[in-house]
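Please read the structure below before turning to the comments.
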Amino acid sequence: MAACAIRRGLLSTASKYNQHKCTHRILSAIDFSSGLHPKRAQPLCSACRLSSFQQTRFMSSRNRPEGKVLEPVGVFEALKQHGKYETGQLFLHSVFGYRGIVLFPWHARLYDRDVSPAAATDSKPDSTGHGSKEVKGKMHTYYQVLIDTRDCPHISQRSQTEAVTFLANHDDSRALYAIPGLDYVSHEDILPYNSTEQVPIQHELFERFLMFNPSRNPPFTARDTLRAWQEKNHPWLELSDVHRETTENIRVTVIPFYMGMREAQNSHVYWWRYCIRLENLGNEVVQLRERHWRIFSLSGTLETVRGRGVVGKEPVLSREQPAFQYSSHVSLQAPSGHMWGTFCFERTDGSHFDVRIPPFSLESNKYDKAPPTGYPL
């Protein structure tokens with residue numbers, strides 16, 4: 001699904017909608033195959049002049065032999081300008097367009113190299129040689145969410161739906177396993193909605209983690225299995241630092257996660273997962289061609305990694321498809337280190353330019369010995 005239609009139309013719509021405090025059913029028909037295409041109509045609301053497109057329910061598409069048909073999904077709610085969304089909040093992702101539900105929040109320090117130091121609160125020195133300015137951190141809310149599996153096939157080319165991985169709890173020190181349809185979402189990417197369905201999200205963990213409670217708002221509350229799973233897996237799920245930098249209208253956001261330590265050939269191997277989002281904030285069509293990483297370990301080693309694309313892809317970023325998100329892994333024979341680098345992009349005229357990857361720390365924690373428990377029993 002094209003995210004640009006949401007960014008250009010729906011976010012401004014939601015802003016108007018919040019200002020006037022009208023109860024509107026917002027969002028156009030959703031068609032993953034061709035992106036979001038708002039239907040044009042005359043304004044209907046005399047208070048805020050929102051069009052019928054902006055007041056309709058949003059719809060999802062489903063396959064039928066004769067083609068795709070749209071069906072009602074839910075009704076938009078007001079965006080939260082202050083505070084956080086609660087467990088059980090249904091939402092549409094404003095960038096990738098999938099349906100999801102909030103499991104629980106994380107409070108992270110956002111180190112944005114595009115923001116002046118005076119605008120942030122917590123300093124982070126740049127010890128990588130990748131620029132010399134001091135970077136400040138500001139607290140920001142993210143959410144652990146479940147993705148509706150019906151939407152996964154439609155977003156798989158733009159965002160990995162198996163991005164949350166764990167180290168397997170057995171002798172193979174390199175074995176990983178993933179929980180499909182689990183994601184981290186920034187507060188501003190949440191477009192909240194409500195639904196009359198008791199099971200509005202299709203995911204194998206939905207009914208194991210959440211229960212329907214019509215007396216609550218939102219009407220889905222956490223089961224004991226969700227609370228137990230969160231507590232046991234907290235060290236490997238926790239999101240603590242987020243790093244962001246923009247070069248020539250291409251914004252790179254990096255979120256590192258510590259995964260744990262394993263023993264291999266009489267040495268300790270420390271593992272991290274890192275999630276990267278690339279966003280084209282401009283109008284020019286560009287394509288990612290190469291990556292160039294520098295990986296420094298506390299043991300004193302400095303590794304250089306070059307290669308074509310990322311995770312086997314060379315994504316095109318345009319106004320219609322402005323974002324791409326993926327996850328990868330790195331291991332060190334030391335409990336900490338740093339990573340930084342560049343992505344090489346190509347313009348339509350054949351010229352190239354480098355986009356900086358913000359430097360970020362790889363830090364282990366005190367839970368090294370405890371294996372993750374993964375799925376609830």
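The structure displayed is predicted, hence computed values, not measured ones. Atom set for the values below is all heavy atoms of this structure, side chains included, hydrogens, waters and symmetry mates excluded.
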Any idea how [X] and [Y] line up, ring-wise: parallel (<30°), tilted (30 to 60°), or perpendicular (>60°)?
X: His187; Y: Tyr85; result: parallel
X: Phe343; Y: Phe345; result: perpendicular
X: Tyr270; Y: His268; result: perpendicular

Heavy atoms from other residues, nucleotides or ligands near CG of Asp349 exceed 12 (cutoff 6.0 Å): yes

Spatial distance of atom [atom1] ([X]) from atom [atom2] ([Y]) [nearest 0.5 Å]:
X: Arg356; Y: Thr246; atom1: CZ; atom2: OG1; result: 9.0 Å
X: Asp241; Y: Glu238; atom1: CG; atom2: CD; result: 9.5 Å
X: Glu207; Y: Gln202; atom1: CD; atom2: CD; result: 10.0 Å
X: Gln89; Y: Lys84; atom1: CD; atom2: NZ; result: 12.5 Å
X: Ile155; Y: Gln160; atom1: CD1; atom2: CD; result: 10.5 Å
X: Tyr143; Y: Thr87; atom1: OH; atom2: OG1; result: 10.0 Å

So, do Trp272 and Phe360 have ring centers that fall under 6.0 Å from each other? no

Taking every non-hydrogen atom, the tightest pair across [X] and [Y]:
X: His243; Y: Ser361; value: NE2-N, 4.5 Å
X: Arg150; Y: Ile201; value: NH2-CA, 4.4 Å
X: Thr342; Y: Ile357; value: N-CD1, 3.6 Å
X: Tyr184; Y: Arg273; value: OH-NH2, 3.7 Å

Under the criterion ring pair (Phe, Tyr, Trp, His ring centres under 6.0 Å), I'd like the reasoning laid out for Phe91 against Tyr193: C-alpha separation, chi angles, the key distance, then a yes or no. CA-CA 5 Å; Phe91 70 92; Tyr193 73 90; 8.0 Å; no

Tell me whether Arg277 contacts the main-chain N or O of Ala323 through its side chain, where contact means a donor paired with an acceptor under 3.5 Å. no

Apply side-chain hydrogen bond (donor to acceptor under 3.5 Å, both in side chains) to the pair Arg113 and Tyr111, showing each step before the final yes or no. CA-CA 6 Å; Arg113 298 175 69 85; Tyr111 296 96; over 6 Å; no

